[in-house]
Amino acid sequence: MALLTTLTICFVIILATSQPCQMPDDFVAATSPGHIMIGGLFAIHEKMLSSEEHPRRPQIQKCVSFEISAFLQSLAMIHSIEMINNSTLLSGIKLGYEIYDTCTEVPVAMAAALRFLFKFNCSKETVEVKCDYSSYNPRVKAIIGAGYSEITMAVSRLLNLQLIPQVSYESTAEILSDKIRFPSFLRTVPSDFYQTKAMAHLIQKSGWNWIGVITTDDDYGRLALNTFTNQAAANNVCIAFKEVLPAFLSDNAIEVRINQTFEKIIAETQVNVIVLFLRQFHVFDLFNKAIERNINKIWIASDNWATATKIISIPNIKKIGKIVGFTFRRGNMSSFHSFLQNLHMFPSDNNKPLHEYTMLLCACAYVKDSDLSQCILNHSQGTLACKPNKTVEKNFMRKDFLWQYTEPGLMHSIQLAVFALGYAIRDLCHARDCQNPNAFQPWEQIQSKCSKECSPGQMKKTTKSQHICCYECVNCPENHYSNQTDMDRCLLCNNETHWAPVRSTMCFEKEVEYLSWSDSLAILLLAVSLLGILFVLAISIIFTRNLNTPVVKSSGGLMVCYVILLCHLLIFASTGFFIGEPQDFTCKTRQTLFGVSFTLCVSCILTKSLKILLAFSFDPKLQNFLKGLYKPIPIVLICTGIQVIICMLWLVFAAPAVEENVSLPRVIILECEEGSILAFGTMLGYIAILAFICFIFAFKGRKLPENYNEAKFITFGMLIYFIAWVTFIPVYATTFGKYLPAVEIIVILISNYGILCCTFFPKCYVILCKQETNTKSAFLKTIYSYSSHSAGSLAMSHLSLNSTNNNVVMTNSSSSGKSAAWKKSREHQAKAFAQISRENVPNMYKSLPRKRISSI
């Protein structure tokens, strides 16, 4: 029971102390649903009602002192959103809004900003703590406001957590341009840097050099004072005094400080020009005191109050002297004027400021037009209880009271802010379904800009916007730059020696690139080449240690194998000339070394293919032709010599040389220019012709004895070569940059490895793993078996021939040998074969096997 009593008492206390704001929705001043929600922050009331000097409880009190100009600012945002919704800018997408009253207090604005950060469409209004908010979807996609720089800075620091775009229509503090501290902040007004510069220039041109400055004790005032002080010193203007007023009306010391300021003004009799960096309510109180004290000066107005109707309408305002001010650029306000004319038809159910304004008009229904604003101010201090009637509806139209308080420059800035977000959302929604609230995150809008000065690296591009100051900032394209703000065009870099990225502020010198030794791809290719050299050395050792085995002898002997292996080694070594900084020597050497080495390798393989075909050919006519053609040394010398001549002519008339390729935008490629594409193609084409002839010969002998037949492996090697180099042609023609040499290296390695593996790996496998087949007896047995089978097949085909054909065969067989040594060898082999052939073929065909053995 005691616990229940305690809870009840706590509940009553909480209810009583939070009466001004009982629920989170009480924060919302005006709202309208939509697919995409935009937040708004406006100081619709000037202060919070508080009976204490400083807060003693963390609670938001009731806001008082209805501010007509800020109320109009919120209406300008609503009107701009309605204009977008009624246009084709966002077809099928409706913008909603959620506007909050900051009461000109940072804590109230922070409470509203916290609500902006709540997760969208979540039953519990909470802000999730995350390490990455990239995919977080808050209640609003962007925020318009706030007006005062002090409030804007506080809110912006909170919004930075999720990079929610914040577009201010009035905050001019120069520090807000710092994208490190305020990355998501944007604005449609220039910073105080330009305003203070214009003020100092005006004062200097007017011949004033002894002035006073009054500012507020907040970020806006201190920063504006600091910037103006620097600008004044640059223009030889001296500041006699600097007075600082409390930033907020809720500060009870404000009256005291205003009186002290006037004492300072009166004391400085030589000061006739005073610059005011103040808010409207500061200026209102200051000028009323000045009228009372009959102080007449020249007042330099900052942009946030220069055109304020509240200031202009002060009774006897002309007594204070002259006011010279700077204001924002104006736009076409005709549509907003029509909106105000029909404001009585606008629903006020979800618009508390509009409802409050209705109540205030009701309370001041019988007040004169000249006293209406003061009546509204007086009645907004307490609780309103008035029932609207037709008289109120009439007061909406009474001499365009709201229109008199409209500041065209400020309203135009708000309209620009809303339309800037509208254009940004349009760009994002081109390829997205923005009727889905999760279509994009707020931070994606930050890159879109409208009516903002083009920074260095950009240029202005005019659009068909209704606003003359709405232009697009287009990034300078690649190899162009701009080094000043708002440049009409980008400047071109020297494309041969310099480059510039997109949106560059300067040109950069191009870096020289080539396939260096430290490049990861170069290291990999070198490792593959070194592995190939190790294979060559290993094969050489294996063949040397097995010199007298049939496999080595059937390969043409150790000398032929050494020549081929040396060619493979040189080909692998030639890849090293493709890597590193190109020099004239390496450019000339690499293609020549590769071309001659590869030609010599293919020429030796060609003689082997011809030898194999000759040894196992059973066609007498073909055999005679091949015997006449088979001259190993002349063939190798002639084939290689032709390639040497081609390379020499290439080096003499159009030698490869180092060239700087400047066609790429950012780098200079140091490469070997081949000198003559015709010569390069002739060299490769000649190798291809030799490889094709070799392929034909090897293909003819692909069905010869399996254990010792190189023909089918040579066929595979040549196929690999053709595939590699046919692929190389289009790839080489379409590849550019420092990795172009790597393309040729890869093709060289593939073709070299293909021929090396197909030529020697099967023999090494037999030598190392099948030693029982690498004997003379096994070798002869295989040959006899194949020859017997071939002779039998040939005998069957001879049954259909006349006896004269057999005589021709015997005659050719007997006349083929002229050397005594060769005849002796043939007779010895014939005797060995005769014993095997008797078991397999009739005696009438013994002459054919004898002939086959003699050829081998």
Side-chain angles (χ1 to χ4, degrees), residues 41-43 67-70 72-73 76-77 104 144-153 166-177 185-203 205-206 211 213-216 218-232 245 247 273-284 286-287 298-314 317 322-331 333 405-417 420 451-453 467-469:
L41 294 174
F42 298 93
E67 182 60 50
I68 298 174
S69 61
L72 283 167
Q73 292 169 16
M77 175 181 168
T104 324
I144 303 295
Y148 298 122
S149 296
E150 176 84 2
I151 296 175
T152 299
M153 291 179 201
Q166 178 187 9
V167 186
S168 177
Y169 49 87
E170 194 176 13
S171 299
T172 56
E174 185 181 357
I175 193 175
L176 288 168
S177 298
F185 175 78
L186 305 166
R187 54 185 165 196
T188 55
V189 291
S191 74
D192 282 333
F193 172 81
Y194 301 100
Q195 180 180 206
T196 55
K197 185 177 181 179
M199 285 180 173
H201 187 68
L202 171 67
I203 293 170
K205 287 294 183 181
S206 301
I211 64 170
V213 180
I214 304 175
T215 186
T216 53
D218 57 10
D219 287 338
Y220 164 73
R222 288 188 294 271
L223 292 170
L225 176 60
N226 182 59
T227 305
F228 177 75
T229 300
N230 296 332
Q231 296 287 355
L245 302 181
V273 178
I274 300 174
V275 179
L276 303 180
F277 293 106
L278 301 173
R279 300 181 183 181
Q280 288 188 23
F281 54 75
H282 289 103
V283 179
F284 184 83
L286 189 72
F287 281 181
I298 296 175
W299 310 88
I300 307 296
S302 59
D303 48 27
N304 63 342
W305 67 269
T307 58
T309 305
K310 181 178 181 177
I311 307 301
I312 298 172
S313 60
I314 295 176
I317 186 66
K322 295 180 180 180
I323 300 176
V324 180
F326 294 85
T327 185
F328 304 127
R329 187 169 185 169
R330 301 187 178 192
M333 292 286 101
Y405 271 78
T406 299
E407 300 175 52
L410 195 57
M411 301 301 147
H412 182 60
S413 296
I414 295 171
Q415 191 176 52
L416 289 179
S451 298
K452 188 178 184 346
E453 67 177 16
H467 311 292
I468 59 174
C469 56

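From a predicted model like this one, the values you see are computed outputs, not experimental measurements.
- Within the 4.5 Å cutoff, side-chain heavy atoms of L278 are placed close to those of L286.
- Under the ring pair (Phe, Tyr, Trp, His ring centres under 6.0 Å) criterion, Y220 pairs with no residue, sequence neighbours left out.
- For F287, the ring pair (Phe, Tyr, Trp, His ring centres under 6.0 Å) partners are W299, W305, not counting sequence neighbours.
- For the residue pair E174 / T227, a side-chain donor-acceptor distance below 3.5 Å is found, with atom types taken as modelled.
- Listed by chain and residue number, nothing satisfies the salt bridge (charged side-chain N to carboxylate O under 4.0 Å, His left out) test with E170 (two or more places apart in sequence, or in another chain).
- With sequence neighbours excluded, no residue satisfies salt bridge (charged side-chain N to carboxylate O under 4.0 Å, His left out) with K197.
- Aromatic ring centres of F42 and Y169 lie closer together than 6.0 Å.
- Evaluation of the ring pair (Phe, Tyr, Trp, His ring centres under 6.0 Å) rule for Y148 yields no partner, not counting sequence neighbours.
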Practice task
List the steps and the verdict of side chain to side chain contact (heavy atoms under 4.5 Å, CB included) for K310 and I68.
Solution key: CA-CA 9 Å; K310 181 178 181 177; I68 298 174; over 6 Å; no

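- Checked by atom type, the side-chain pair S413/R187 shows no donor-acceptor distance below 3.5 Å.
- The closest side-chain heavy-atom distance from V213 to M199 is not below 4.5 Å.
- The salt bridge (charged side-chain N to carboxylate O under 4.0 Å, His left out) check on D219 picks up R222, with sequence neighbours excluded.
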